[in-house]
Novice: 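Have a look at the structure that comes next, please.
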Amino acid sequence: MTDDDEWPSLGVQPATSVTDGRIRSSYRAKEISDLVEYEHEWLLNTFGIDRHEPYYRIGWSFGLRPESRLYLRWFELADEGVKGWAVVFRIFDPVGEPTTNYELFVGWVPPARKADAERWV
């Protein structure tokens, strides 16, 4: 993808093609410092998961599905000199060719902080 304003799905595309979109345009603001735990919510940057109800939040709240999950995906931006582990939230598993975004780029950590990201996921 060449349009940095689009928010591509991080689906089954190779990580190198994914980085041209959302990760490339927002990695500077999306490095995750730590998981923040509140009484009713876990937060990674501005992405939250309710601790008591099946909801996630990215400004607005949405219902979790049985297939919703967080996972890690390796990425490299050679021209920026940046590489690391992207934390991705899969909202649902698409059937066939997806017609909507089904994954969100939550944030990322440098390679040395992979253990932190694994703990959060």
Side-chain angles (χ1 to χ4, degrees):
M1 296 192 101
T2 58
D3 184 356
D4 286 347
D5 295 329
E6 288 188 3
W7 192 337
S9 162
L10 296 179
V12 293
Q13 302 168 353
T16 53
S17 70
V18 174
T19 59
D20 291 336
R22 188 65 173 172
I23 292 173
R24 177 173 301 284
S25 66
S26 62
Y27 79 89
R28 286 182 183 93
K30 290 265 193 174
E31 184 172 350
I32 301 171
S33 59
D34 205 357
L35 173 74
V36 179
E37 296 188 51
Y38 293 105
E39 181 181 346
H40 295 284
E41 183 177 45
W42 291 289
L43 279 178
L44 288 172
N45 288 344
T46 58
F47 173 82
I49 294 183
D50 192 290
R51 294 176 77 152
H52 306 289
E53 300 292 331
Y55 292 101
Y56 71 96
R57 180 177 65 79
I58 53 171
W60 296 95
S61 293
F62 301 94
L64 290 169
R65 297 181 180 194
E67 66 269 26
S68 298
R69 64 190 176 278
L70 286 163
Y71 71 93
L72 300 180
R73 175 170 224 143
W74 176 256
F75 74 94
E76 293 187 41
L77 302 174
D79 57 328
E80 298 275 349
V82 176
K83 59 185 173 184
W85 292 97
V87 178
V88 179
F89 177 65
R90 175 161 284 192
I91 302 165
F92 62 92
D93 291 331
V95 176
E97 187 65 30
T99 57
T100 62
N101 289 327
Y102 59 96
E103 293 187 327
L104 302 171
F105 171 51
V106 174
W108 70 283
V109 295
R113 295 194 53 223
K114 181 182 181 188
D116 290 335
E118 287 176 328
R119 189 179 73 243
W120 304 330
V121 169

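Count residues from 1 along the sequence.
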Novice: Let me see the working for Arg51 and Tyr38 under side chain to side chain contact (heavy atoms under 4.5 Å, CB included), right down to the final yes or no.
Specialist: CA-CA 9 Å; Arg51 294 176 77 152; Tyr38 293 105; 5.9 Å; no
Novice: So Tyr55 and Phe62, do their side chains get closer than 4.5 Å, heavy atoms only?
Specialist: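 A side-chain contact is absent here, since even the closest heavy-atom pair is not under 4.5 Å.
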Novice: Please work out whether the ring planes of Phe75 and Phe105 are parallel, tilted or perpendicular, with thresholds of 30° and 60°.
Specialist: perpendicular
Novice: Would you please indicate yes or no on a ring centroid separation below 6.0 angstrom for Trp85 and Trp74?
Specialist: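 Under 6.0 Å, so yes.
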Novice: Can you name the nearest heavy-atom pair linking Gly84 to Pro111, along with the distance?
Specialist: CA-CD, 3.9 Å
Novice: Tell me whether Val36 is reachable from Phe47 by hopping between hydrophobic residues (I, L, V, M, F, W, Y) whose side-chain heavy atoms are closer than 4.5 Å.
Specialist: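 No: no chain of side-chain contacts under 4.5 Å links Phe47 to Val36.
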Novice: Hey, does the side chain of His40 reach the backbone of Glu53 with a donor-acceptor pair shorter than 3.5 angstrom?
Specialist: no
Novice: Rounded to the nearest 0.5 Å, how far apart are CG of Asp50 and CG of Leu64?
Specialist: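 Reported to 0.5 Å precision, the distance equals 8.5 Å.
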Novice: For residues Arg90 and Glu103, determine if any side-chain heavy atom of one lies less than 4.5 Å from a side-chain heavy atom of the other.
Specialist: yes
Novice: For a quick test of reading the model, state the closest non-hydrogen atom pair linking Ile49 to Leu70 and the distance between them.
Specialist: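 Answer, listing the atom of Ile49 first, then Leu70: CD1-CD1, 4.3 Å.
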Novice: So, are Arg113 and Asp34 salt-bridged, with charged N and O less than 4.0 Å apart?
Specialist: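 Judged by the 4.0 Å cut-off on N to carboxylate O distance, Arg113 and Asp34 do not form a salt bridge.
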Novice: To the closest 0.5 Å, what do you measure between OH (Tyr71) and CZ (Arg69)?
Specialist: 7.5 Å
Novice: Within a strict 4.5 Å, meaning less than it, do heavy atoms of the Asp116 and Ile32 side chains meet?
Specialist: no
Novice: For the residue pair Gly48 and Leu43, what are the closest heavy atoms and their distance?
Specialist: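 Closest pair (atom of Gly48, atom of Leu43, distance): CA-CD2, 3.6 Å.
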Novice: Is there a side chain to side chain contact (heavy atoms under 4.5 Å, CB included) between Val88 and Leu72 once you walk through the steps?
Specialist: CA-CA 6 Å; Val88 179; Leu72 300 180; over 6 Å; no
Novice: Could you give me the CA-CA distance, side-chain angles and deciding distance for Leu104 and Ile91, then say whether side chain to side chain contact (heavy atoms under 4.5 Å, CB included) is met?
Specialist: CA-CA 8 Å; Leu104 302 171; Ile91 302 165; 3.9 Å; yes
Novice: Take Leu44 and Phe89 through the test side chain to side chain contact (heavy atoms under 4.5 Å, CB included) and record every step on the way to the result.
Specialist: CA-CA 11 Å; Leu44 288 172; Phe89 177 65; over 6 Å; no
